[in-house]
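The block underneath contains the structure these notes are about, expressed in structure tokens.
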Amino acid sequence: MGIDDTLNKEQAEAVRCTEGPLLILAGAGSGKTRVLTYRVAWLMTEREVQPWNILAITFTNKAAGEMRERVDKIAGAQAASVWVSTFHSLCVRILRRYIGALGYDTRFTIYDADDQKNLMKQICRKKEIDTKVFKEKMFLGNISRAKDELISPEEYEMNAGSDFTQKKIEEIYYEYEKQLKLNNALDFDDLILKTVRLFEKNPEILDNYQERFRYIMVDEYQDTNTAQFRLVSLLASKYKNLCVVGDDDQSIYRFRGANIRNILNFEKEYPGARVIKLEQNYRSTEMILGAANEVIHNNKGRKDKSLWTDNGRGEAVSYRQFGTAYEEAEFVAGDIAMSVRNSERDYNDNAILYRTNAQSRLFEEKFIAANIPYKIVGGVNFYARREIKDLLAYLKTIENGVDDLAVQRIINVPRRGIGQTTILKVQSYADSHEISFYDAILEARLIPGIGRGLSKIEKFGELIQKLRRESDTLDVPGLLAEVIEVTGYVIELEAEGTDEAKARIENIDELKSKAVSYAEAHSGEEATLGGFLEEIALVADIDSLDNDQDYVALMTLHSAKGLEFPYVYMAGMEDGMFPSYMAISSDDRTELEEERRLCYVGITRAKKRLTMTGARCRMVNGQQQYNPTSRFVKEIPEEYLAEDVDVSREPTPEPPSAKYRQKMNEFRRKPYAAPKPYEKQEPKTLKGVGLEYGVGDRVAHKKFGEGTVTNINDMGRDYEVTVDFVGHGVKKMFAAFAKLRKVE
DNA sequence: CTCCCCACTCTTTTT
DNA sequence: GAGTGGGGAG
């Protein structure tokens, strides 16, 4: 079977082009995973490249797993030694071997967002920083961005100048790094950063990997950040057989440091690079693709391309606006329930995509009521749950005794009567003797003024020591069971007897079975405690999405990237939700463009039918918000958007007939202006009078001059109006005080 | 030392 | 609306 029979011309070309730098611009649904897998097979069979000389990097474990599976299928057993890995797990594997060269212990722990926040909290306390003025999140955000850009604390210091805030960040950055090192821990960004540093400082180690990975492929290249870019450059610089696949229109991770220039400047960075465009879409219908093309066309500064398909016209994209988010969710649940009942679809043919995780709640409620099986991807990560983190902290403490954060988490969990005063005494003893918190516990009797706490502390220390000894003989599931046993963790929850406690016990049972399946998957000498902890640290929630199970998938638009579903619902299509309020009010136009790319990603997930929904009114942060239809909906021309909405299965009292159509046409005619204010239709005005202006209207303020209303919040007794003033920026004000006047 | 209640913030998006 | 952190009582 030749590749020309199964691939189109461009795809086949991309497979054959194995030597030198290659950029594959792969539009949504253009079969890039197919190309990548065939390329791996081609390298091995036609070019006789050894499988272990091939490295394929993806973004998520799920993508890596899928690729692995498909490579195995077409290339057989020899493919097993091809490295298919995420950036993070690749780096961890390298660091576990060589991080000693950077002065860390190879048993380092990996800090997740929660751990980072805890550490930062401690640092702020220590540095006596008022976290009302400087928020932990602000520090972490800046540090993370610096790390993504490979900026060390020293370099940060040089750039900080005399700016007060910058100086503070610099100071905290130093301390944060110091603490991580003391705890023998790395955060997510460090995994990439330290690997880059390792290679830069140790040419012989780099050379070793350059020899090893002679052919490198990177998926989702548009989402790489500077550190990842550098890592790839280093690895590829010797043989230059680098194939990157990406789509600049699907770059949606700038907030995480993704640098779109990595893909836009690839040809400059690698002179002589081949560029192959994949523009035939095998996923969606013409209608869906047309809508997607039109929307993304509003962005500037993109590589020009236009997707096409021969999948046929298909159904138009439909848009429905509801009065409330409640009705919106009800409609979606009803729509899905109906079509499943009619055997038109299975549950897992459907996905609901939204901008923010908070939007999942209403859908969850409605799905439970309608008895629809569903799975929420993202939100609170399983491994971020308290009981799971507690038990993992025990395991971490057993594995790496210098992780103070883990020890402090569990020292009084379950309750041992060890309070804050005792902990502080241990801490200051540890600090002054420059030993870890755990080591201080072990010599607790030397701590001055420890008093009654001593026996409790000692007991805790003995407990951990005992578990450590047992860890030599027990496997991971056995050790976990032992931890649960000796701490009485589950027994305590059982005694509580609440529903919440029961849910926690269920989660613990799930953790147990994950430990068992880890042990099974790595049967043999490989199944170590460290390996288990590492696997857990690197899983994303999206990895748990199982194609074989029949449930509706609910997730954010970001999580949906790389996935496809026959029926897609994009919910919350409102200006203020999507595009987000942040993007709308930002001076930076590119923020809106990023949102638009996100919209493009959402639209192109749909294979057969795309339904967009929105609500005129919804609760956000406990406040009622009135939002106009999303500008993205308005960017879809009539020819792709459903003219008449199927009302037969719609329970709303007034079917959107001629009136509805008229309204649709009305807002479509004015491309960017918001529709007529909803407030006018709102009868109850506790405020005496309704507002004479609405979202999108031009208003005048006696101090700030003219501006445009971007949002109105019903605060109960008054309206909170957000206005974007010319020359004065965005202001929030109360309608009763502001005395805004409508300007025609 | 623990528990409970109140006030406050938060929402973009995540490996 | 929910989760967190601080303060105060027991």
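To find a chain, count down the sequence lines: A is the first, B the second, and so on, and within it residues start at 1.
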Just to be sure I understand the rule, does [X] reach a base, reach only the sugar-phosphate, or reach nothing, if contact means heavy atoms closer than 4.0 Å?
X: A/I418; result: sugar-phosphate
X: A/G622; result: base
X: A/K135; result: sugar-phosphate
X: A/E594; result: nothing
X: A/Y253; result: sugar-phosphate
X: A/T86; result: nothing
X: A/N357; result: sugar-phosphate

_Between the base of B/dT14 and the ring of A/F255 - centre-to-centre under 5.5 Å, planes within under 30° - is that a stack?_
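Taking the rule of under 5.5 Å and under 30°, the ring of A/F255 does not stack on B/dT14.
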
*Atom pair distance, as rounded to whole Å: CG in A/L353 and C1' in B/dT14*: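 Interatomic distance, CG of A/L353 to C1' of B/dT14: 16 Å.
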
Which nucleotide in [options] has an atom nearest any side-chain atom of [X]:
X: A/T356; options: B/dC10, B/dC1, B/dT12; answer: B/dT12
X: A/H88; options: B/dC1, B/dT11, B/dT15; answer: B/dT15
X: A/K121; options: B/dT15, C/dG5, B/dC1; answer: C/dG5
X: A/R361; options: C/dA2, B/dC10, B/dT14; answer: C/dA2
X: A/R355; options: B/dT12, B/dC1, B/dT11; answer: B/dT12
X: A/H558; options: B/dT13, B/dT12, B/dT11; answer: B/dT13

Can you find a side chain N or O atom of [X] that sits less than 4.0 Å from OP1 or OP2 on [N]?
X: A/S559; N: B/dT13; answer: no
X: A/N412; N: B/dT2; answer: yes
X: A/S580; N: B/dT11; answer: no
X: A/R415; N: B/dC3; answer: yes
X: A/K561; N: B/dT13; answer: no

_Measuring only the C1' atom in each nucleotide, how far is B/dT11 from C/dG6? A whole number of Å is fine._
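These two C1' atoms come out 23 Å apart once rounded.
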
*So, does A/N412 use its side chain to make a donor-acceptor pair with the main chain of A/G417 at under 3.5 Å?*
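Checked: pair present.
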
*Is there a donor-acceptor pair closer than 3.5 Å between any side-chain N or O of A/D404 and the backbone N or O of A/N183?*
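Side chain of A/D404 to backbone of A/N183: no pair is present.
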
*asked:* Does this structure show an ion pair linking A/K32 with A/E220, if we count only N-O contacts that are shorter than 4.0 Å?
replied: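 Judged by the 4.0 Å cut-off on N to carboxylate O distance, A/K32 and A/E220 do form a salt bridge.
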
*So, are A/D148 and A/R256 salt-bridged, with charged N and O less than 4.0 Å apart?*
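A/R256 and A/D148: not salt-bridged.
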
*With under 30° as parallel and over 60° as perpendicular, where do the rings of A/Y221 and A/F229 fit, or are they tilted in between?*
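Tilted, since the angle between the ring planes falls between 30° and 60°.
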
*Give me the ring orientation class for A/F188 and A/H88: parallel if the planes are under 30° apart, tilted from 30 to 60°, perpendicular past 60°.*
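A/F188 and A/H88: perpendicular rings.
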
*If each of A/Q420 and A/L538 is mapped to the nucleotide of DNA chain B with the nearest heavy atom, which maps nearer the 5' terminus, i.e. the 5' end?*
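Looking at DNA chain B, the more 5' nearest nucleotide goes with A/Q420.
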
*Between A/G417 and A/I252, which is nearer to the 5' end of DNA chain B once each is assigned its nearest nucleotide?*
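On the 5' side of the pair lies A/G417.
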
